[in-house]
Asks: 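The structure under discussion is supplied below as structure tokens; questions concerning it will follow.
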Amino acid sequence: MNDCIFCKIVEGDIPSKKIYEDDKVLAFQDIKPEAPVHVLIIPKAHIESVNNINEENSEIIGHIFLVINKLAKTLEIEKDGYRVVNNCGVNGGQTVPHLHFHLFGGKSFNWPPL
Ligand code: 5GP
Ligand code: ZN
């Protein structure tokens with residue numbers, strides 16, 4: 001039994017506002033947006049975090065960034081710029097243990113982000 005929230009979103013057992021989908025990747029709106037654009041991009045296959053990327057599954061990362069490149073255009077944040085964030089583990093602030101990338105846009109962000 002898989003209790004992963006994002007696997008349930010992939011399966012359609014938990015509803016989400018989908019922005020993009022293909023056979024390997026799903027992008028949907030974050031339930032608690034922190035910016036005018038806040039989309040989560042996830043592999044459909046369950047990978048817990050960056051710690052679990054390996055020779056067998058790493059191809060998905062390039063594909064996810066290709067999807068992010070396309071989303072930036074369709075969401076019209078390409079010209080102004082945007083931020084892509086991955087949180088890994090406790091110190092990284094990861095709260096959902098299914099690999100995901102945050103795409104933030106529509107405002108300007110500070111650096112460093114602390
Ligand atoms: P993390 O802190 O793990 O990097 O990010 C997890 C993100 O998932 C948070 O921004 C949180 O708002 C979002 N999130 C958690 N549960 C749900 C949900 O059920 N649906 C959606 N759309 N987003 C969720
Ligand atoms: Zn999962």
Side-chain angles (χ1 to χ4, degrees):
M1 164 103 194
N2 183 357
D3 275 337
C4 173
I5 296 173
F6 287 177
C7 283
K8 286 182 179 165
I9 286 176
V10 169
E11 293 303 321
D13 295 339
I14 294 177
S16 69
K17 290 184 184 165
K18 287 182 192 174
I19 308 283
Y20 172 88
E21 182 172 20
D22 63 33
D23 56 333
K24 295 191 264 326
V25 164
L26 179 65
F28 54 97
Q29 283 185 16
D30 196 290
I31 204 166
K32 197 171 155 269
E34 301 287 351
V37 172
H38 187 175
V39 176
L40 299 173
I41 303 94
I42 70 170
K44 286 190 167 179
H46 182 85
I47 299 171
E48 190 170 318
S49 77
V50 170
N51 283 338
N52 303 93
I53 296 169
N54 56 40
E55 295 291 340
E56 278 70 48
N57 64 19
S58 65
E59 233 174 75
I60 191 69
I61 305 303
H63 184 62
I64 283 173
F65 273 84
L66 188 56
V67 169
I68 290 170
N69 169 292
K70 287 176 181 162
L71 286 174
K73 293 180 173 78
T74 55
L75 297 170
E76 297 181 339
I77 55 173
E78 184 197 17
K79 283 204 181 88
D80 287 341
Y82 47 90
R83 181 167 289 177
V84 180
V85 171
N86 170 261
N87 299 325
C88 181
V90 174
N91 279 6
Q94 184 176 7
T95 59
V96 178
H98 180 128
L99 181 67
H100 53 279
F101 294 85
H102 297 256
L103 173 59
F104 295 108
K107 59 168 272 193
S108 166
F109 299 96
N110 295 326
W111 190 263
L114 307 171

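Order of listing sets the numbers, starting from 1, for every ligand and every atom in it. Index from 1, following the sequence.
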Asks: For Ala35 and Gly105, work out which heavy atoms get closest and say how close.
Replies: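 That closest heavy-atom pairing would be CB-O, 3.7 Å.
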Asks: State the atoms of ligand 1, each with its element, that fall below the 4.0 Å cut-off from a heavy-atom position in Phe28.
Replies: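 Those qualifying, in numeric order: 21 (C), 22 (N).
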Asks: Between Gln94 and ligand 1, is there a nitrogen or oxygen pair with a distance under 3.5 Å?
Replies: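 No, since none of the N or O atoms of Gln94 sits under 3.5 Å from an N or O of ligand 1.
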Asks: Should the ring pair His102 and Phe104 be called parallel, tilted or perpendicular, given that the plane angle runs from 0 to 90° and is split at 30 and 60?
Replies: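 The rings of His102 and Phe104 lie parallel, inter-plane angle below 30°.
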Asks: Considering only protein heavy atoms, which is closest to atom 22 (N) of ligand 1, and at what distance to one decimal place?
Replies: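 Checking every protein heavy atom, the shortest distance to atom 22 (N) of ligand 1 gives Gln29 O, 2.9 Å.
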Asks: Sub-3.5 Å donor-acceptor pair from the side chain of Lys44 to the main-chain atoms of Asp22, do we have one?
Replies: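 Here the side-chain-to-backbone pair exists.
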Asks: Starting at CD1 of Ile42, measure out to CD1 of Ile5 and round the result to the nearest 0.5 Å.
Replies: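 Those atoms lie 11.0 Å apart.
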Asks: Which bit of His100 gets closer than 4.0 Å to ligand 1, counting heavy atoms only: side chain, backbone, both or neither?
Replies: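 The part of His100 near ligand 1 is the side chain, not the backbone.
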Asks: Taking atom 9 (C) of ligand 1 as the point of reference, which of Asn87, Asp30, Leu40, Ile42 owns the nearest heavy atom?
Replies: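 Shortest heavy-atom distance from atom 9 (C) of ligand 1: Asp30.
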Asks: Between Pro97 and His46, which heavy-atom pair has the shortest distance, and what is it?
Replies: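 Scanning both residues, the minimum pair turns out to be O-CE1, 3.2 Å.
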Asks: Do other residues, nucleotides or ligands put more than 12 heavy atoms under 6.0 Å from Asn91 CG?
Replies: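 Result for CG/Asn91: open.
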Asks: Does only the side chain of Lys17 get under 4.0 Å from ligand 1, or the backbone, or both, or neither? Count heavy atoms.
Replies: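 Within the 4.0 Å criterion, Lys17 makes no contact with ligand 1.
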Asks: Residue-level breakdown please: for Ile31 versus ligand 1, do any non-hydrogen atoms fall below 4.0 Å on the side chain, on the backbone, on both, or on neither?
Replies: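 Looking at Ile31 and ligand 1, atoms from backbone and side chain both fall under 4.0 Å.
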Asks: Any N or O of Gly93 that comes nearer than 3.5 Å to an N or O of ligand 1?
Replies: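 Yes; the residue has a nitrogen or oxygen that sits under 3.5 Å from a nitrogen or oxygen of the ligand.
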Asks: Distance under 4.0 Å to a non-hydrogen atom of Ile5: what atoms of ligand 1 satisfy this?
Replies: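 Counting from 1, the qualifying ligand atoms are 19 (O).
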Asks: Looking only at heavy atoms, is any part of Phe101 under 4.0 Å from ligand 1, and if so is it the side chain, the backbone, or both, or is it neither?
Replies: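 For Phe101, no heavy atom sits under 4.0 Å from ligand 1.
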Asks: Taking heavy atoms and a distance under 4.0 Å, where does Ile9 meet ligand 1: side chain, backbone, both or neither?
Replies: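 It is the side chain that touches ligand 1; the backbone stays farther off.
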Asks: Considering non-hydrogen atoms of the protein only, which is the closest contact for atom 15 (C) of ligand 1, and what is the distance?
Replies: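 Answer for atom 15 (C) of ligand 1: Val96 CG2, 4.1 Å.
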Asks: Would you mind listing which atoms of ligand 1 come within a distance below 4.0 Å of any non-hydrogen atom of His102?
Replies: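 Under 4.0 Å from His102, ligand 1 has these atoms: 1 (P), 4 (O), 5 (O), 7 (C), 10 (O).
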Asks: Looking at ligand 1, does Glu34 have a heavy atom less than 4.0 Å from it?
Replies: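 The answer is no, since Glu34 has no heavy atom less than 4.0 Å from ligand 1.
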Asks: Number the atoms of ligand 1 from 1 as they appear, then name those within less than 4.0 Å of a heavy atom of Phe6, with their elements.
Replies: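 Atoms satisfying the 4.0 Å criterion: 8 (O).
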Asks: To check you understand the geometry: which heavy-atom pair defines the closest contact between Asn87 and Val85, and what is its length?
Replies: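 Asn87 and Val85 have their closest heavy atoms at OD1-CG1, 3.5 Å.
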Asks: Tell me whether Ser16 has any N or O atom under 3.5 angstrom from an N or O of ligand 1.
Replies: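 No, there is no polar N/O contact under 3.5 Å.
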Asks: Grab the two heavy atoms, one from Ile77 and one from Gly106, that are nearest each other, plus how far apart they are.
Replies: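 Of all heavy-atom pairs spanning Ile77 and Gly106, the closest is CG2-N, 4.0 Å.
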Asks: To the nearest 10°, how many degrees is the angle His46 ND1 to the Zn ion (ligand 2) to His98 ND1?
Replies: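 With the Zn ion (ligand 2) as the vertex, the angle is close to 110°.
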Asks: Need one value: angle at the Zn ion (ligand 2), Cys7 atom SG versus Cys4 atom SG, rounded to 10 degrees.
Replies: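 That angle works out to 120° after rounding to 10°.
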Asks: May I ask you to check whether Ile14 has an N/O atom sitting below 3.5 Å from an N/O atom of ligand 1?
Replies: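 Min N/O separation from ligand 1 is not below 3.5 Å for Ile14.
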Asks: Would Tyr82 and Asp80 count as having a side-chain donor-acceptor pair, cut-off 3.5 Å?
Replies: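 No, Asp80 and Tyr82 have no side-chain donor paired with an acceptor closer than 3.5 Å.
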Asks: N/O of His38 under 3.5 Å from N/O of ligand 1, yes or no?
Replies: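 No, there is no polar N/O contact under 3.5 Å.
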Asks: Under 4.0 Å from any heavy atom of Thr95, which atoms of ligand 1 are there?
Replies: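 Result: 1 (P), 2 (O), 3 (O), 5 (O), 6 (C).
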Asks: Check step by step if side chain to side chain contact (heavy atoms under 4.5 Å, CB included) holds for His38 and Lys32.
Replies: CA-CA 8 Å; His38 187 175; Lys32 197 171 155 269; over 6 Å; no
Asks: Counting heavy atoms only, which part of Asn86 comes closer than 4.0 Å to ligand 1: side chain, backbone, both or neither?
Replies: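 Within the 4.0 Å criterion, Asn86 makes no contact with ligand 1.
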Asks: Is it true that, when you exclude Glu76 itself, more than 12 heavy atoms of the residues, nucleotides or ligands shown sit nearer than 6.0 Å to its CD?
Replies: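 No, the 6.0 Å shell around CD holds no more than 12 heavy atoms from other groups.
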Asks: Ignoring hydrogens, what is the shortest heavy-atom contact between Asn86 and Val50? Give both atom names and the distance.
Replies: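 Minimum heavy-atom separation between Asn86 and Val50: OD1-CG2, 3.1 Å.
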Asks: Give the atoms of ligand 1, by number and element, whose distance to some non-hydrogen atom of Lys32 is under 4.0 Å.
Replies: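 Checking each atom against Lys32, I get 12 (O).
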Asks: How long is the gap from CG on Leu40 to CG on Asp30, to the nearest 0.5 Å?
Replies: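 With rounding to 0.5 Å, CG (Leu40) is 4.5 Å from CG (Asp30).
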Asks: Roughly how far, to the nearest 0.5 Å, is the CG atom of Asn52 from the NE2 atom of His98?
Replies: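 If I round to the nearest 0.5 Å, the distance is 11.0 Å.
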